[in-house]
Amino acid sequence: MDAESLLLSLELASGSGQGLSPDRRASLLTSLLLVKRDYRYDRVLFWGRILGLVADYYIAQGLSEDQLAPRKTLYSLNCMEWSLLPPATEEMMAQTSVVKGRFMGDPSHEYEHTELQKINEGGKVFEEEVVVQIKEETRLVSIIDQIDKAVAIIPRGALFKTPFGPIHVNRTFEGLSLSEAKKLSSYFHFREPVQLKNKTLLEKADLDPSLDFMDSLEHDIPKGSWSIQMERGNALVVLRSLLWPGLTFFHAPRTKNCGYIYVGTGEKNIDLPFML
C-alpha cells in the first residue's frame, strides 16, 4: 500500500484484522516520508509486518521511476528507524530453505542447521556433519522475496508500459468496473512476467501490450489459491492468498484506491494442494 495514502489503505484492509495501533500509524506516516526523501525513491510502499516471537518486523519498499525495476526493501522494529536489506540471491534462497518455524524478531539471531558435507582426504571420501549458521536477516530477505514473487498484486491498468520499455504509474487509471473487479483475470502479479513469455502469438493477439505485460492471477497454481470476496455492499473487493496466509489485497471499484499488505508469520501453507 502506498505510504502517501496509508491511513485510508489501512482502513480498507482492516476487515482482515490488518490494523496498527495509533502510535504505530503516526510513526509510519512520518518515517516513511523521510525514507522517501532521504533515499530519493519515486514511491514508498508499506509492505506489511512479519510477526516474530520477541518483536515484529515492519517492512517498507522503495520504488524507482520504473515500477518493475528491482525494489529496495527496508525493515524496522519500531516504525521509526529503518535499515536497508540486501537484494535476494539464489544462494540466500538455498541457504534459508532449511529453516522452519517462526521468526524470532532479532535480525542478529542465528539459526543452526546440521548438514552432511563430503570431505576428500588422501583419496578417501567420507561424510562429516557440519553445523551451518544462518542469520535471521538473511531469512527475512528470502521470505520477503518469495512473497513478492508469489502474491504481490496490482489491478489491470494501474501501470502502463511505454514503447521505450519502462513501466510507469497510470495517472488516468480510475479503477476497475464492478464486473471486472470480481474476476481474477483483472489482477496481475506485481513483478516481471514469467508465464507471459511462454504464451503463443495466438494467445498474445488479444492482449494490449501497454497494459497486459504481467502475469494474470487466473492461471496460478494450485488453482483455487485465491479467495475473492465483495465487502461493504460491493464497495470493496478483497483478495486473500491461501498459499501465503496473511496477504490481503483490496480495491474499491471505480476508484484509484488499491493495495496489498502482508501481516503474518512468514510461513507458507505447503499443505494447500491437499486442502483444495
Side-chain angles (χ1 to χ4, degrees), residues 1-19 43 45-48 61 63 67-68 71 147-161 167-196 199 203-264 269 272 276:
M1 53 177 65
D2 204 307
E4 292 186 359
S5 57
L6 185 65
L7 293 181
L8 175 61
S9 297
L10 287 172
E11 174 64 28
L12 293 174
S14 62
S16 302
Q18 324 289 41
R43 289 169 67 207
L45 304 179
F46 177 57
W47 186 90
Q61 289 184 327
L63 279 67
Q67 299 294 302
L68 282 193
R71 284 165 244 173
I147 293 173
D148 269 346
K149 287 178 178 175
V151 291
I153 313 174
I154 198 154
R156 182 181 185 272
L159 300 178
F160 77 97
K161 187 174 187 176
I167 316 297
H168 297 295
V169 174
N170 187 357
R171 306 294 178 191
T172 63
F173 177 66
E174 293 296 336
L176 299 171
S177 67
L178 188 58
S179 58
E180 288 176 333
K182 296 177 181 179
K183 301 174 187 174
L184 273 181
S185 57
S186 298
Y187 303 97
F188 294 146
H189 286 283
F190 190 20
R191 54 162 166 75
E192 288 289 341
V194 178
Q195 301 162 354
L196 192 65
K199 286 192 174 183
E203 290 174 314
K204 292 180 181 178
D206 295 330
L207 301 180
D208 183 338
S210 63
L211 298 177
D212 303 309
F213 52 87
M214 292 179 285
D215 294 327
S216 168
L217 298 192
E218 64 178 332
H219 303 300
D220 278 13
I221 298 172
K223 202 168 181 64
S225 61
W226 290 99
S227 158
I228 184 166
Q229 296 170 320
M230 301 302 296
E231 297 182 0
R232 304 190 182 189
N234 283 350
L236 187 70
V237 59
V238 177
L239 275 74
R240 296 180 179 89
S241 173
L242 306 180
L243 187 63
W244 286 95
L247 190 286
T248 301
F249 169 86
F250 61 89
H251 175 49
R254 296 185 292 273
T255 75
K256 295 182 178 182
N257 300 326
C258 63
Y260 62 89
I261 183 173
Y262 178 83
V263 179
N269 181 12
L272 181 62
L276 296 172

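No experiment lies behind these values; they were computed from the predicted model shown.
Leu45 places a side-chain heavy atom less than 4.5 Å from the side chain of Phe190. Within the 4.5 Å cutoff, the side chain of Phe213 has no heavy atoms near those of the Pro193 side chain.
Taking the charged nitrogens against the carboxylate oxygens, Lys256 and Glu4 have no contact shorter than 4.0 Å, which rules out a salt bridge. Remark: Glu11 engages Arg232 in a salt bridge, criterion side-chain N to carboxylate O under 4.0 Å.
Closest heavy-atom contact between Pro253 and Ala235: CD-O, 3.5 Å. Scanning all heavy atoms of the two residues, the minimum distance from His189 to Ala150 falls at CE1-O, 2.9 Å. Across all their heavy atoms, Phe173 and Pro155 have their closest contact at CZ-CG, 3.9 Å. Of all the heavy atoms in Asp220 and Ser225, the pair that sits closest is CB-OG, 4.2 Å.
Taking OG1 from Thr255 and CG from Leu8, the interatomic distance works out to 8.0 Å, rounded to the nearest 0.5 Å. With rounding to the nearest 0.5 Å, the separation of CG in Leu217 from NZ in Lys183 is 14.5 Å. Taking CH2 from Trp47 and CZ from Arg71, the interatomic distance works out to 10.5 Å, rounded to the nearest 0.5 Å. Taken from CG in Leu184 to CD1 in Ile228, the straight-line distance is 5.0 Å, to the nearest 0.5 Å. To the nearest 0.5 Å, atom CZ of residue Arg156 and atom OH of residue Tyr187 are 12.5 Å apart. Note: Leu159 CG to Leu68 CG = 6.5 Å, rounded to the nearest 0.5 Å.
Under the rule for a salt bridge (Lys or Arg N to Asp or Glu O under 4.0 Å), the partners of Lys149 that lie at least two apart in sequence or sit in another chain are Asp145. Judged as a salt bridge (Lys or Arg N to Asp or Glu O under 4.0 Å), and not counting sequence neighbours, the contacts of Asp2 are Arg43.
The aromatic ring centres of Tyr260 and Phe250 sit 6.0 Å or more apart. Between Tyr262 and Trp244, the distance separating the two ring centers is not shorter than 6.0 angstrom.
Although no hydrogens or angles enter the test, the distance criterion places a donor-acceptor pair under 3.5 Å between the side chain of Asn269 and the main chain of Leu242.
No option in Val263, Ile153, Leu239, Val238 other than Val238 meets the side-chain contact (heavy atoms from CB on, under 4.5 Å) test with Thr248.
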Verdict with reasoning, Lys161 to Glu192, per salt bridge (Lys or Arg N to Asp or Glu O under 4.0 Å): CA-CA 12 Å; Lys161 187 174 187 176; Glu192 288 289 341; over 6 Å; no
- request: Could you walk me through whether Val237 and Gln229 pass side-chain contact (heavy atoms from CB on, under 4.5 Å), step by step?
  value: CA-CA 6 Å; Val237 59; Gln229 296 170 320; over 6 Å; no
- prompt: Could you go step by step and tell me if Asp148 and Arg191 meet the side-chain contact (heavy atoms from CB on, under 4.5 Å) rule?
  reply: CA-CA 8 Å; Asp148 269 346; Arg191 54 162 166 75; over 6 Å; no
task: Walk me through it: do Leu176 and His251 pass the test side-chain contact (heavy atoms from CB on, under 4.5 Å)?
output: CA-CA 8 Å; Leu176 299 171; His251 175 49; 3.8 Å; yes
- request: Before giving the answer on side-chain contact (heavy atoms from CB on, under 4.5 Å), spell out for Trp226 and Leu247 the whole-Å C-alpha distance, their side-chain angles and the decisive distance to 0.1 Å.
  value: CA-CA 10 Å; Trp226 290 99; Leu247 190 286; 4.2 Å; yes
